[in-house]
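Atoms considered below: every heavy atom in the structure, side chains included; atoms not considered: hydrogens, waters and symmetry mates. In what follows, chains carry the letters A, B, and so on, assigned in the order in which the sequence lines appear, proteins first and then strands, with residues in each chain numbered from 1.
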Amino acid sequence: MSASDTSRYDAQAAEPKWQKIWDDLGVFEARRDESKPKYYVLEMFPYPSGRIHIGHVRNYVMGDVIARYKMARGFNVLHPMGWDAFGLPAENAAIEKGIHPGDWTYENIRVMKGQLRPMGLSLDWSRELATCDPEYYAQQQALFLDMLEAGYVTRKSSVVNWDPVENTVLANEQVIDGKGWRSGAPVERRELTQWFFKISDMAEELLDAIDGLEKWPDKVRLMQRNWIGKSRGLQFPFKLIGAPEGFGELEVYTTRPDTLLGASFGAISPDHPLAKALETNPEVRAFNEECRRLGTSEEAIEKAEKKGFDTGVRMVHPMDPDWTLPVYIANFILMDYGTGAIFGCPAHDQRDLDFARKYGLPVIDTFVAAEGGEPVGDEAYTPPKTEKVRYVKGFDVPEIATGEEAIDAAIAYFEQRGLGQGVTKYRLRDWGMSRQRYWGCPIPIIHCDRCGPVPVPKEELPVVLPRDVDLGAKGNPIALHPTWSKVDCPKCGAAARRETDTMDTFVDSSWYFARYTAPRAKTPTVPEEADYWMNVDQYIGGIEHAILHLLYSRFFARAMQGTGHLPEKAKEPFNALFTQGMVVHETYSTPHPDDPEREVWHFPEEVTRGEDGSVVLRDSGRPVTVGPVIKMSKSKKNVVDPDDIVASFGADTARWLMLSDSPPERDVEWTTAGVEGAARLLQRVWRILETALPVLPAPGTPAPACGDEATALRRLAHKTIQNVTRDIEGFAFNKAVAHIYELVNALAKSSSEAPDMAFARREALEIVAQMANPMIPHFAEEMWERLGHETPLVQTAWPEADLALAQDDVIVLPIQVNGKKRGEISVPKDASNEDVEERALAQESVIRFLEGKAPRKVIVVPGRIVNVVV
RNA sequence: GGGAGCGUAGCCCAACUGGAAGAGGCGCCGGCCUCAGAUGCCGGAGGUUGCCGGUUCGACUCCGGCCGCUCCUACCA
């Protein structure tokens, strides 16, 4: 193909050309400009795992559509990008491949940036940051110190997964069936003193503020509410009989005090002080140790078979001194929630019922259904608290009452008698942020035997990670470093030790959005910049971050406001949130050669379908196990990267494909079916353009008088502006794509060279270019240039639809008889309901289906439908 | 175990949130173009809206119960 051949669109030439033009114009470099409204669009930044995959691209292309659209709407747009660069995979790579985590991470960033740049995203790369860079984490350490001083940080004990062979703490994902993933040794729960952010102090505030997050998806708001888990309940003690010294009472918390007369046992967590005190009994010790082998994840604990151990201790029912109940240690009671001790009421809690059946404990109904209630059998009776039920063993409450009423009555009863008190509790726990790992932000603290934990003076920041560590060693690599931790106490000058824990990587991602407003500053933020750019107007990311990342970021924004690093308005940092669906794919595995219990994962490109349809490895032909369709992730290798498509068809084709078909919020199973279709669209539009060019009027020619055909094309073009605008605003990119197709299809059918048609075709082509610009910007710019425009689209305003032109004057209404379509009528769009009814009843087909009967009712839905009911 | 979501043509999905089951794309079939293929153009078929029940003049849409799949579950990010 020669350079002057315009019969085909040449993405390989056009894409670098336009990227250079945009770069030279500096249009994506955000500068403060008080004369324009600002718009901050942000996609969740990636973990540099090695290569960009389709899931990333989908995320960033969506953000790019919004960014480019807002630019055309006259906003001063900030659209930055960076790297969530600390984390466990870098350490694993170091062990497996002998590469330093830092080298591995920076190489990944280089590769992934190299993959992203050709996508033509409107990113301000001058603000790029990496959380593993001392420039970033120095400011994170400064923030930590300010938060410590302001009382947002505390130190206390918590449980971790301990691998006794590796001498190391394991992440939940490193615990497989209760065993360490490398050592295979049974995992233990062990207590360590760790640093915490006091997020639970903010539970009420974070809960209340959810109401104000109107542009967040309801499902995310609901998930956050449930996670915070506010509950009102009763806390009170049981007197104990036969307990070790110092354990005269057992404090329990219950959200259902109305079921107290249905109690049949007490249960405590294996981590409860009483359970530990009882470990002098070897059987108790053995039971507790078995429980501790479950690891720390909520999922594992709850999924495990419910087991209990009768301690022999008994507790006295507070309402009847002669009534005593056995106290069990139970593997499903969490020490972190409530008081770590409960009373079990089998009739009204399924877990308690299963437990009671297993250990032969009584099941006592306290209430039954208000009408025809039967005693509990195999299923616990747990109606909503708002439902009226009949209390058969209630106290201080009418026989028929709702759960809520009875709970309030029970709390009042206990408070009046001084037996206990109503308390509000939250499921939300403090955020444990200490990690016994290498590749993270060092916690800037020095431990002195005399002064305790002492903050590192700010002028000595950053506390830089040591580079020379032995990651293969058993234990925390930083703690094992021979010299790094040895320092003098900043307060008293005595020999002291640095804190060797690093921060949870969620800390890094909890404030990066604020750092983007002044990424090179020598302070965490800069007031003028934060004032101008905050908040994030549109945040875009995966639904998998609906709880933790977003909740932690909300906490951080408040703490940063409290320490003077963010303005008041940034307390809720994300004005609008869009959660895009995940790109999912099958997984492929074969048994590990050394250990058939384990699996080796394979990339989709490594497998192929055999002749009989079975899935085999491409090189060896070994059979492959096809696993479930799950989120693309490096660890399972079910990733597809965009390079092949970009190399064969160009970035715009990949972008178009990503935006077509699937609604953005829905998960998509990745398939390359449709690539050719996406590429075809570009060529098709190009051909339409090149065919039309010789007959089109000059740019800016005013509209001539238009005949029916030209008016119809113009109407569709202006409707397309309305539709695409609405669809982009509503994140319905798949619908925007469909509307562009519709206009292109109409253009393809127009070949008339009459002046009015030539005008309408130019107008429609320009609108196609402008509507498609946020999605396939290189192609759109090239079109725009061929159409004779000198100012690039990136600096061109979004068009306004001509409302008068976009409206239909006549609409077609379907007519139903008894809900079934029997005919249709055409009426003026502003026809009255009476008119419509009259015309509908005059319809031949309607008369026929009425069979002489008089209509009982006629329902006219303006602009929609007419239903005649007989 | 708990929390959240999804399910429409062979496939991806629309259906203005209660108003004609079909906008758009992929694939498939037929025709045209071509020496042939690719590209392209024109046309077409395809349905118990996961299942059962309820509300309604009218249900893909709302309610209840099942089935299947996905995400989160506090040390994966």
Side-chain angles (χ1 to χ4, degrees), chain A residues 8 44 46-47 49 84 86-89 160-161 169-175 217 219-220 222-223 225-227 229 296-304 306 332 336 350-351 427-437 504-506 508-509 542-549 551-552 579 581-582 584 628-631 633-635 657 660-663 665-669 671 673-678 680-681 683-684 687 723 726 732 734-735 737-742 744-745 748 812-822 824 856-859 861 863-870:
Chain A
R8 284 185 71 78
M44 291 177 185
Y47 177 78
S49 57
D84 188 12
F86 274 135
L88 210 44
V160 295
N161 298 308
V169 175
L170 299 177
N172 284 332
E173 72 159 11
Q174 296 174 320
V175 179
K219 61 180 171 182
V220 175
L222 184 58
M223 279 191 263
R225 279 195 193 99
N226 290 342
W227 186 259
T296 61
S297 91
E298 187 191 338
E299 185 191 6
I301 291 168
E302 286 290 336
K303 267 190 181 161
K306 309 289 175 281
F332 58 93
D336 291 313
Q350 191 60 44
R351 272 189 312 193
R427 208 184 74 97
L428 180 65
R429 312 196 296 253
D430 277 337
W431 171 12
M433 52 147 292
S434 294
R435 296 291 180 271
Q436 297 69 40
R437 311 204 182 282
D504 178 8
T505 57
F506 272 122
D508 312 337
S509 54
I543 184 70
E544 70 272 27
H545 295 292
I547 297 173
L548 294 180
H549 163 61
L551 193 62
Y552 291 157
T579 52
M582 270 164 279
V584 296
V629 177
I630 55 171
K631 169 175 76 152
S633 89
K634 185 73 189 302
S635 60
L657 179 63
S660 307
D661 296 352
S662 243
E665 68 279 8
R666 198 178 299 181
D667 290 349
V668 286
E669 185 169 352
T671 158
V675 181
E676 287 86 0
R680 198 177 301 152
L681 184 271
Q683 295 304 342
R684 183 154 174 247
R687 205 168 37 248
N723 289 334
R726 190 194 57 231
N734 57 322
K735 288 196 245 173
V737 163
H739 285 122
I740 291 170
Y741 268 109
E742 215 176 348
V744 169
N745 288 346
V812 177
L813 286 184
I815 314 292
Q816 294 180 332
V817 179
N818 285 339
K820 290 214 164 63
K821 190 199 164 191
R822 299 302 187 194
E824 57 186 39
R856 209 148 48 90
K857 199 172 170 189
V858 180
I859 295 146
V861 183
R864 284 294 158 82
I865 203 167
V866 181
N867 190 9
V868 182
V869 186
V870 189

- prompt: Is any side-chain N of the basic residue among A/E298 and A/R427 closer than 4.0 Å to the acidic one's carboxylate O?
  reply: yes
field: Whole-angstrom distance between B/G40 and B/A77, as gauged at atom P
entry: 46 Å
From CA spacing to verdict: side chain to side chain contact (heavy atoms under 4.5 Å, CB included), A/R822, A/V868: CA-CA 10 Å; A/R822 299 302 187 194; A/V868 182; over 6 Å; no
task: Compute whether any side-chain donor of one residue and acceptor of the other, for A/N745 and A/R684, lie under 3.5 angstrom apart.
output: yes
- request: Describe the nucleic acid contact of A/H545 in one word from base, sugar-phosphate, nothing, applying a heavy-atom distance below 4.0 Å.
  value: base
query: Could a donor-acceptor pair under 3.5 angstrom be found where the side chain of A/E298 meets the base of B/G1?
result: yes
- prompt: Think A/K219 has a side-chain N or O under 4.0 angstrom from the OP1 or OP2 of B/C6?
  reply: no
message: Nearest 0.5 Å, please: how far is CD in A/E302 from CZ in A/R351?
response: 4.5 Å
task: Could you work out the separation of B/C75 and B/G27 based on their P atoms and round it to a whole Å?
output: 47 Å
task: Pick the C1' atom in B/C51 and in B/A59, then give their distance to the nearest Å.
output: 16 Å
query: Does B/G47 have a Watson-Crick or wobble partner in any strand here, with both distances under 3.5 angstrom, and which is it?
result: none
message: Within the 4.0 Å heavy-atom criterion, would you say A/V812 contacts the bases, only the backbone, or no part of the nucleic acid?
response: base
message: I want to check something: taking the side chain as every heavy atom from C-beta on, are A/E299 and A/N172 in contact at a cut-off of under 4.5 Å?
response: no
- prompt: Any sub-3.5 Å donor-acceptor pair from A/D667's side-chain atoms to A/G581's backbone N or O?
  reply: no
- prompt: Which part of the nucleic acid, if any, lies within contact of A/S297, taking any heavy atom under 4.0 Å across all strands shown: a base, the sugar-phosphate backbone alone, or nothing?
  reply: sugar-phosphate
- prompt: For A/R427, which contact category applies under a 4.0 Å heavy-atom criterion: base, sugar-phosphate, or nothing?
  reply: base
query: To the nearest angstrom, how far is A/R822 atom CZ from B/A20 atom C1'?
result: 12 Å
Nucleotide B/A4, atom P - distance to NE2 of A/H549 in whole Å: 22 Å
task: Take A/G432 and A/R351, find for each the nucleotide of RNA chain B with the closest heavy atom, and name the residue whose nucleotide sits nearer the 5' end.
output: A/R351
- prompt: What is the distance from atom CG of A/D508 to atom CG of A/D84, rounded to the nearest 0.5 Å?
  reply: 6.0 Å
- request: May I ask you to evaluate whether A/N745 reaches the phosphate of B/A23, defined as a side-chain N or O under 4.0 Å from OP1 or OP2?
  value: no
query: Would you call A/D504 and A/W431 a side-chain contact if the rule is heavy atoms closer than 4.5 Å?
result: yes
Pair partner, B/C75 [Watson-Crick or wobble, under 3.5 Å]: none
statement: For nucleotides 10-16 of chain B, 5' to 3', base contacts (B), sugar-phosphate-only contacts (S) and non-contacts (-) with protein non-hydrogen atoms under 4.0 Å give --BSSSB
Distance (rounded to the nearest 0.5 Å) between A/H549 NE2 and A/M44 CE: 4.5 Å
query: Would you say B/U39 has OP1 or OP2 under 4.0 Å from some side-chain N or O of A/R684?
result: no
task: Please name all residues satisfying side-chain contact (heavy atoms from CB on, under 4.5 Å) with A/Q816, sequence neighbours left out, ordered by chain then number.
output: A/I865, A/N867
query: Which part of the nucleic acid, if any, lies within contact of A/F506, taking any heavy atom under 4.0 Å across all strands shown: a base, the sugar-phosphate backbone alone, or nothing?
result: base
task: Tell me what A/V858 touches on the nucleic acid: a base, only sugar-phosphate, or nothing, going by heavy atoms under 4.0 Å.
output: nothing
message: Classify A/L428 by what it touches in the nucleic acid, base, sugar-phosphate, or nothing, heavy-atom distance under 4.0 Å.
response: base
- request: Please state whether the phosphate of B/A4, meaning OP1 or OP2, lies under 4.0 angstrom from any side-chain nitrogen or oxygen of A/N226.
  value: yes
task: Classify the nucleic acid contact of A/W227 as base, sugar-phosphate or nothing, counting any heavy atom under 4.0 Å across all strands shown.
output: base
message: If the glycosidic angle sits within 90 degrees of zero it is syn, else anti. Tell me which applies to B/U55.
response: anti
Distances for protein N/O vs nucleotides 56-65 of chain B N/O pairs under 3.5 angstrom?
| residue | atom | partner | partner atom | Å |
| --- | --- | --- | --- | --- |
| B/C57 | O2 | A/N867 | ND2 | 2.3 |

message: Between B/G10 and B/U56, how many Å separate the two P atoms, rounded to a whole number?
response: 34 Å
query: Which is true for A/R687 with a 4.0 Å heavy-atom rule: it touches a base, it touches only sugar-phosphate, or it touches nothing?
result: sugar-phosphate
- prompt: How far, in whole Å, is B/U61 from B/A14 if one measures between their P atoms?
  reply: 15 Å
- prompt: How is A/E824 classified with respect to the nucleic acid when contacts are heavy atoms under 4.0 Å: base, sugar-phosphate, or nothing?
  reply: base
message: Between B/C35 and B/A45, how far apart are the two C1' atoms, rounded to whole Å?
response: 32 Å
- prompt: Say you pick atom C1' in B/U49 and the same atom in B/C6; how far apart are they, in whole Å?
  reply: 14 Å
field: A/M223 CE to B/A74 C1', straight-line distance once rounded to whole Å
entry: 15 Å
query: Has the side chain of A/Q436 got a donor or acceptor that lies under 3.5 Å from a partner of the other kind on the base of B/C75?
result: yes
message: Whole angstroms only, please: what is the CD1-P distance between A/I301 and B/G2?
response: 16 Å
query: Looking only at atom C1', what distance separates B/U8 and B/C76, rounded to whole Å?
result: 35 Å
query: When rounded to the nearest 0.5 angstrom, what distance separates CD1 in A/I740 from CG in A/N723?
result: 10.5 Å
- request: Could you tell me whether the side chain of A/V668 reaches within less than 4.5 Å of the side chain of A/D661, counting heavy atoms only?
  value: no
- prompt: If we call it a pair only when both distances are under 3.5 Å in a Watson-Crick or G-U wobble match, what pairs with B/G68?
  reply: B/C6
Closest listed nucleotide, where the reference is the side chain of A/D84 and the choices are B/A74, B/C71, B/A77: B/A77
- prompt: So what does A/M582 hit on the nucleic acid, given a heavy-atom distance under 4.0 Å: a base, only sugar-phosphate, or nothing?
  reply: sugar-phosphate
B/G27: pairing nucleotide in any strand, Watson-Crick or G-U under 3.5 angstrom: none
- prompt: Applying a 3.5 Å limit to both distances, which nucleotide forms a Watson-Crick or G-U wobble pair with B/G37?
  reply: none
task: Could you check if a side-chain atom of A/L813 sits within less than 4.5 angstrom of a side-chain atom of A/V861, using non-hydrogen atoms only?
output: no
field: A/K821 NZ to B/A21 P, straight-line distance once rounded to whole Å
entry: 8 Å
field: Options B/C75, B/C76, B/C71, nucleotide nearest the side-chain atoms of A/I543
entry: B/C71
query: Taking OP1 and OP2 of B/C26, is either one under 4.0 Å from a side-chain nitrogen or oxygen of A/R680?
result: yes
